[in-house]
*Asks:* 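Before I ask anything, let me first share the structure, which is written out below as structure tokens.
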Amino acid sequence: MATRLYTHPIFLEHITPPGHPERPDRLRAIERVLDDEAFVTLDRVQAPEGDEATILYAHPPEFVDRVRAAIPDTGIARIDADTTASPKSWQAAVTAIGAANAAVDDVFTGRADNVFVAARPPGHHAEKTTSMGFCLFNTAAIAARYAQKNHGVDRVAVVDWDVHHGNGTQDIFWGDPSVLYCSTHQMPLYPGTGAVSETGAGNIVNAPLAPQSGSDAFRDAFLSRILPALDNFAPDLIIISAGFDAHHRDPLAEINLTEDDFDWATGQLLERAGRHSGNRLVSLLEGGYDLQGLAFSVAAHVGRLMKG
Ligand SMILES: [Zn+2]
């Protein structure tokens, strides 16, 4: 199995205010942990320049113009209470999209079996017409549409294990049975969506976890809800919205996973990718705000991707 890693220095130049949890040091922590000799065979590639036109796969042009206009020339502009932009944020967001789309190309052309994209800003809270929750554009949703438009596939699954519900991805694919969206997340927690009753066109599978849940509840949600939905859907591609803020060290939530749980969940999704998707699996970094918890979790996740 060949695992590719996309990064880019521009991702460090999306600057958030002092004390903001979604900070450039997150990517430095990931870079340090992946420097270990265990990852020497990882196929490291600099993310390509993104194609702005692909943003329109998930967002209307008026919204894209609004985000572009919100990017400041200097300093930091506030988009909402949690979400900000700095002068290089546009280029960072577009490069994150470019990396995700390139990862889709890689798994369809056989340049890689699976790919991890270590990018920021994250994306899963960005709705069709709203940037929120540290996210400007919905990178995972754009990549799913990119696969459908450019690789002729019908069915894409997005599995989101970030501790927050991916309201944006749910919003974009609500009522679209060609994309399955499955999420485990703490509830109640920001952004407040993600109840079991939110099912879209039968293509939305939410598996909320009570605060203080741990490994057992998380794995049970996978075994009883997420994996059966994937088997039933038989996707041509699996995209992971890989947030690591359900780690027990994370300051933003109260779920008590360890890196072993991310290793396990990665293995389960690799197995489904083998069964349904010709091994095609693309993983996109979302949240994860404790630097040690994030680094150890990414190491477990990428290590498992490399084992295949
Ligand atoms: Zn999160």
Side-chain angles (χ1 to χ4, degrees), residues 1-14 22 24-36 38-52 54-55 57-58 88-124 135-147 150-151 156 158-160 162 237-244 262 266 269-270 273 279-288 294-295 297-306 308:
M1 292 291 263
T3 297
R4 179 167 279 196
L5 169 71
Y6 280 110
T7 58
H8 196 290
I10 191 68
F11 300 143
L12 300 174
E13 295 191 55
H14 166 60
E22 203 295 282
D25 278 350
R26 298 177 59 232
L27 290 188
R28 295 190 181 100
I30 290 173
E31 190 176 304
R32 269 196 303 278
V33 79
L34 295 181
D35 259 349
D36 189 273
F39 301 99
V40 71
T41 61
L42 198 52
D43 178 24
R44 293 154 207 265
V45 180
Q46 179 156 300
E49 199 177 320
D51 176 1
E52 290 181 13
T54 65
I55 302 172
Y57 290 179
K88 295 289 179 65
S89 295
W90 178 270
Q91 198 188 336
V94 172
T95 307
I97 291 163
N101 292 344
V104 169
D105 286 337
D106 291 339
V107 296
F108 277 100
T109 58
R111 280 191 294 269
D113 289 313
N114 54 57
V115 184
F116 180 62
V117 177
R120 50 186 294 281
H124 74 149
C135 305
L136 299 178
F137 299 120
N138 197 310
T139 311
I142 293 165
R145 285 276 184 254
Y146 182 89
N150 294 282
H151 293 282
V156 179
V158 179
V159 178
D160 184 337
D162 189 282
L237 168 69
I238 296 176
I239 295 174
I240 306 177
S241 265
F244 298 98
F262 294 114
T266 305
L269 295 183
L270 280 170
N279 293 319
R280 292 183 289 270
L281 186 149
V282 166
S283 176
L284 310 176
L285 179 67
E286 300 279 3
L294 174 65
S297 299
V298 167
H301 176 54
V302 174
R304 193 69 186 76
L305 289 177
M306 292 170 72

*Asks:* Measure across His14 and Ala92 and return the closest heavy-atom pair with its distance rounded to 0.1 Å.
*Replies:* CB-CB, 4.0 Å
*Asks:* Among all residues two or more places apart in sequence or in another chain, which pass the ring-ring contact (aromatic ring centres under 6.0 Å, His included) test with Phe108?
*Replies:* His151
*Asks:* Heavy atoms only: give me the nearest Ile97-Ile55 pair and the separation to one decimal.
*Replies:* CD1-CG1, 3.8 Å
*Asks:* Excluding sequence neighbours, so at least two apart, what forms side-chain contact (heavy atoms from CB on, under 4.5 Å) with Arg32?
*Replies:* Arg28, Ala29
*Asks:* NZ of Lys88 to OG1 of Thr95: how many Å apart, nearest 0.5 Å?
*Replies:* 10.5 Å
*Asks:* List the atom of Leu237, the atom of Arg280, and the distance in Å for their closest heavy-atom pair.
*Replies:* CD1-O, 3.8 Å
*Asks:* For Arg120, check side chain to side chain donor-acceptor pair (under 3.5 Å) against everything at least two apart and list the hits.
*Replies:* Glu22
*Asks:* Quick one: are Leu285 and Leu27 in side-chain contact, heavy atoms under 4.5 Å?
*Replies:* yes
*Asks:* Heavy atoms only: give me the nearest Gly288-Leu294 pair and the separation to one decimal.
*Replies:* O-CD2, 3.5 Å
*Asks:* Could you list the residues that satisfy side chain to side chain donor-acceptor pair (under 3.5 Å) with Asp160, not counting sequence neighbours?
*Replies:* His124, Tyr181
*Asks:* For the backbone of Leu305 and the side chain of Asn114, can you confirm whether one donor and one acceptor N or O come within less than 3.5 Å of each other?
*Replies:* yes
*Asks:* Is any side-chain heavy atom of Cys135 less than 4.5 Å from a side-chain heavy atom of Pro122?
*Replies:* yes
*Asks:* As an exercise, state the distance from CG of Leu270 to OG of Ser283, rounded to the nearest 0.5 Å.
*Replies:* 9.5 Å
*Asks:* Can you sort out the partners of Phe11 under ring-ring contact (aromatic ring centres under 6.0 Å, His included), two or more places apart, ordered by chain and number?
*Replies:* none
*Asks:* According to side-chain contact (heavy atoms from CB on, under 4.5 Å), who are the partners of Ala100, at least two apart in sequence or on a separate chain?
*Replies:* Thr139, Ala143, Leu284
*Asks:* Checking Glu52 now: which residues fulfil salt bridge (charged side-chain N to carboxylate O under 4.0 Å, His left out) with it, not counting sequence neighbours?
*Replies:* Arg68
*Asks:* Which residues pass the side chain to side chain donor-acceptor pair (under 3.5 Å) test with Thr7, not counting sequence neighbours?
*Replies:* none
*Asks:* Hey, does Phe137 have a side-chain heavy atom less than 4.5 Å from the side chain of Trp90?
*Replies:* yes
*Asks:* Ala38 and Met306: which non-hydrogen atoms are nearest, and at how many Å?
*Replies:* O-CE, 3.9 Å
*Asks:* I'd like to know if the side chain of Arg26 and the backbone of Gly287 have a donor-acceptor N/O pair within less than 3.5 Å.
*Replies:* yes
*Asks:* Partners of Leu34 by side-chain contact (heavy atoms from CB on, under 4.5 Å), sequence neighbours excluded?
*Replies:* Leu5, Ile30, Phe39, Leu42, Arg44, Val298, Val302
*Asks:* Restricting to side chain to side chain donor-acceptor pair (under 3.5 Å), what partner residues turn up for Thr266, sequence neighbours left out?
*Replies:* His301
*Asks:* Output all residues satisfying salt bridge (charged side-chain N to carboxylate O under 4.0 Å, His left out) with Asp105, sequence neighbours left out; order by chain, then residue number.
*Replies:* none
*Asks:* Check side-chain contact (heavy atoms from CB on, under 4.5 Å) between Ala102 and all other residues, then give those that pass, not counting sequence neighbours.
*Replies:* Tyr6, Pro48
*Asks:* Could you check whether any side-chain heavy atom of Ile240 comes within less than 4.5 Å of a side-chain heavy atom of Phe116, counting everything from C-beta outward?
*Replies:* no
*Asks:* Could you tell me whether Gln46 atom CD has more than 12 heavy atoms of other residues or ligands within 6.0 Å of it?
*Replies:* yes
*Asks:* What heavy-atom pair brings Ala144 and Val158 nearest, and what distance separates the two atoms?
*Replies:* CB-CG2, 4.4 Å
